[in-house]
Amino acid sequence: MKIIYLFIVLLMIPLNHLSADEGYAFKEFYEVKVLLQGTDRPSIEDGMQKAFEELMINLSGLSDSLENKEIKKALTQPQKYVTQYRLNSDDKKVLGVFSFDGDLVRGLLSKNSLPIWIGIKPKALLFLPCVSKSLFLDINNEIESKKNTLCQETKNKLLEIGAIRNVVFIEPALDFLDLNYIDLYQPQSENEHLKKLANRYGLDGWVACYIEDQFGIVTEESYCLSPFSKLKRTSLEDTVNILADELNKDFQLNIDPDIRNEITLKVEGINNYQSLASLDNLFTSNALVVSYSLSSLSSNGATYLLIIRGGVSDLRKLMNVNPILGKDITKDLGVDLQYRLNSKI
């Protein structure tokens, strides 16, 4: 049994910003960047398809959204959803930047009963034993240098995939009194330690990744586990996808496209035509709004009648993360939702 003692001052180190991607579900265009094999037409078309695949996973919050029959069909013709693209060159690498029509891609998900991610990024604890051990490695030793390189590659790959899947990873430096040891080869025991640490800091889950096998021999590729992978050690990418799929459930809308509801929404703080026009843009870009009409306009706000897919709680989730609106202030009788326009608009 191998035991590692950690004598490091307790510290939480954020590896990404802990803010929501406000307005993500309302974007007019979604820009996706991918590396291309070349500048010829087949390379561009291949990159366009990869960019569309990444967007479908990102916007739905589900890695298996690509298995949907209609999504598979749409992926064969990504140009229908692209408004423009450009090519950038950097250090002999060709980067394709593809811009997708927001209304079209949200409509594609909604019509096929797939969820839409509302822009809130879940946070998870990231535990890499090799990071703590790297402080004591002799980089002039070939084996230890290999360990250090693989450790850094693992960390970079985790951050890269986490960014794509909209998961914010936080890496802890562990307190000796708090976690005076972790048995690396007893997942059930390890699960309890990491679960307690994640809960203490209000995190939604955890991922632990390793670069050594049970005998301390460096592996060719790192492997990971999480509570959502049933504590089975799987590939790094699979583990992050399983984690992201599970955590994103709390920040998705999954609407039956055949359900329609009529609701009344009031917005206060409208003081000019520009403010009123911004609401038109808000409604037309909202994937849940089928139609809308202005029913009244007064000095204390505008009241709209909306026909929506789903229910009031679904629309509230989207409205609550829209940057042009303030917090939900629903209070008037006969009004289902009520907001104040952001003063910065």
Side-chain angles (χ1 to χ4, degrees), residues 17-31 58-61 83 99-111 114-122 166 248 250-345:
H17 294 297
L18 305 184
S19 60
D21 192 349
E22 292 184 330
Y24 187 83
F26 298 87
K27 284 184 179 291
E28 184 177 1
F29 303 105
Y30 294 100
E31 192 173 87
N58 202 345
L59 186 56
S60 69
T83 58
S99 183
F100 294 87
D101 186 290
D103 290 338
L104 289 180
V105 294
R106 286 190 295 269
L108 177 63
L109 292 173
S110 181
K111 289 175 183 176
L114 288 170
I116 296 175
W117 179 62
I118 64 173
I120 304 297
K121 297 181 180 181
N166 294 310
N248 279 328
D250 291 332
F251 307 108
Q252 293 171 327
L253 293 173
N254 202 338
I255 306 300
D256 184 338
D258 296 323
I259 294 178
R260 298 287 187 274
N261 276 298
E262 183 177 283
I263 73 165
T264 302
L265 183 146
K266 183 176 181 179
V267 181
E268 300 178 359
I270 299 173
N271 49 32
N272 53 44
Y273 175 77
Q274 184 180 358
S275 299
L276 203 60
S278 69
L279 293 177
D280 285 333
N281 293 333
L282 184 155
F283 297 139
T284 55
S285 66
N286 191 304
L288 301 188
V289 177
V290 177
S291 63
Y292 69 96
S293 59
L294 178 63
S295 60
S296 67
L297 182 63
S298 64
S299 58
N300 66 339
T303 303
Y304 290 84
L305 184 64
L306 307 179
I307 305 297
I308 65 170
R309 301 179 181 91
V312 174
S313 61
D314 301 313
L315 186 62
R316 179 181 286 111
K317 282 185 180 180
L318 281 180
M319 293 301 186
N320 285 351
V321 296
N322 194 290
I324 80 166
L325 298 176
K327 65 179 181 179
D328 182 0
I329 57 170
T330 303
K331 61 181 185 299
D332 291 358
L333 292 176
V335 175
D336 297 300
L337 289 176
Q338 187 172 356
Y339 292 89
R340 174 170 291 279
L341 202 64
N342 191 323
S343 59
K344 295 179 181 180
I345 301 301

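Scope of the values below: all heavy atoms of this structure, side chains included, with no hydrogens, waters or symmetry mates.
- Evaluation of the salt bridge (charged side-chain N to carboxylate O under 4.0 Å, His left out) test over residues 284-308, restricted to residues two or more places apart or in two chains, returns none.
- T83 contributes a side-chain N or O that, together with a main-chain N or O of S99, makes up a donor-acceptor pair within less than 3.5 Å.
- Counting all heavy atoms, side chain and backbone alike, V290 lies closest to R260 at CG2-NE, 3.5 Å.
- Residues S275 and N271 come closest through the heavy atom pair OG-OD1, 3.5 Å.
- A donor-acceptor distance shorter than 3.5 angstrom exists from the side chain of Q252 to the backbone of S60, with no hydrogens or angles considered.
- Taking CG of L276 as the reference point, atom CG of L294 lies at 6.0 Å (rounded to 0.5 Å).
- The two atoms that bring W117 and I120 nearest to each other are NE1-O, 3.0 Å, heavy atoms only.
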Exercise. Go through the steps for S278 and N281 under the test side-chain hydrogen bond (donor to acceptor under 3.5 Å, both in side chains), then give the verdict.
Key: CA-CA 5 Å; S278 69; N281 293 333; over 6 Å; no
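- The shortest distance between side-chain heavy atoms of T303 and L265 does not fall below 4.5 Å.
- With values rounded to the nearest 0.5 angstrom, L305 atom CG is found 12.5 Å from Y292 atom OH.
- Taken to the nearest 0.5 Å, the CG atom of D328 stands 6.0 Å off from the CG atom of L337.
- Looking only at distances, a side-chain donor or acceptor of D336 sits under 3.5 Å from a matching main-chain atom of T264.
- Under the side chain to side chain donor-acceptor pair (under 3.5 Å) criterion, S298 pairs with N300, sequence neighbours left out.
- Using bins of under 30°, 30° to 60° and over 60° for the plane-to-plane angle, the ring pair F283/Y304 lands in the perpendicular bin.
- Side chain of R106 to main chain of K27: a donor-acceptor pair is present (N/O by atom type, distance under 3.5 Å, no hydrogens or angles).
- The side-chain heavy atoms of M319 and N286, taken from C-beta on, include a pair separated by under 4.5 Å.
- Distance check, rounded to the nearest 0.5 Å: CG of L288 to CG of D314 gives 6.5 Å.
- Closest non-hydrogen pair, I329 versus E268, comes out as CD1-OE1, 3.8 Å.
- Checking side-chain atoms of N261 against main-chain N and O of I308 turns up no donor-acceptor pair under 3.5 Å.
- In this structure a side-chain-to-backbone donor-acceptor pair under 3.5 Å is missing from N248 to F251.
- Note that OH of Y339 and NZ of K266 are 15.0 Å apart. Values are rounded to the nearest 0.5 Å.
- Looking only at distances, no side-chain donor or acceptor of N320 sits under 3.5 Å from a matching main-chain atom of K317.
- Counting all heavy atoms, side chain and backbone alike, L282 lies closest to I324 at CD1-CD1, 3.3 Å.
- Closest approach of L109 and P115 over heavy atoms only: CD1-O, 3.9 Å.
- Between I118 atom CD1 and L59 atom CG the span is 12.0 Å, to the nearest 0.5 Å.
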